[in-house]
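Basis for what follows: all heavy atoms, side chains included, without hydrogens, waters or symmetry-related copies. The model shown is predicted, which means the values in this text are computed figures rather than measured ones.
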Amino acid sequence: MTKTYTRPVLRVQGKLEAMTHGMSDGSKLDATFPVGTPKNELTFS
């Protein structure tokens with residue numbers, strides 16, 4: 001049985017600036033956050 005190839009589709013979800021708005025940059029590495037740290041207290045870079 002052969003499968004039919006389905007071409008990938010690129011969907012624009014919005015501007016990168018709008019999707020990442022509200023993120024904050026921090027100086028802590030992942031390992032310094034204790035297990036169970038609430039999501040709103042994490043920083044992303």
Side-chain angles (χ1 to χ4, degrees):
M1 185 166 152
T2 61
K3 294 184 178 181
T4 305
Y5 174 76
T6 303
R7 185 178 175 181
V9 178
L10 176 64
R11 293 189 181 105
V12 178
Q13 299 295 323
K15 292 187 177 187
L16 180 62
E17 295 84 3
M19 291 189 295
T20 59
H21 185 71
M23 296 288 186
S24 59
D25 189 18
S27 59
K28 293 183 180 179
L29 299 176
D30 290 348
T32 59
F33 288 104
V35 174
T37 300
K39 183 179 176 183
N40 63 342
E41 293 181 16
L42 299 173
T43 56
F44 300 93
S45 57

Show, in sequence, the C-alpha distance, side-chain angles and deciding distance for R11 and Q13, and conclude whether the side chain to side chain contact (heavy atoms under 4.5 Å, CB included) test is met. CA-CA 6 Å; R11 293 189 181 105; Q13 299 295 323; 3.7 Å; yes
Residue list, side chain to side chain contact (heavy atoms under 4.5 Å, CB included) with P38, at least two apart or on another chain: N40, E41
R7: partners by side chain to side chain contact (heavy atoms under 4.5 Å, CB included), with sequence neighbours left out: Y5
Of all heavy-atom pairs between P34 and T37, which one has the smallest distance, and what is that distance? O-OG1, 2.6 Å
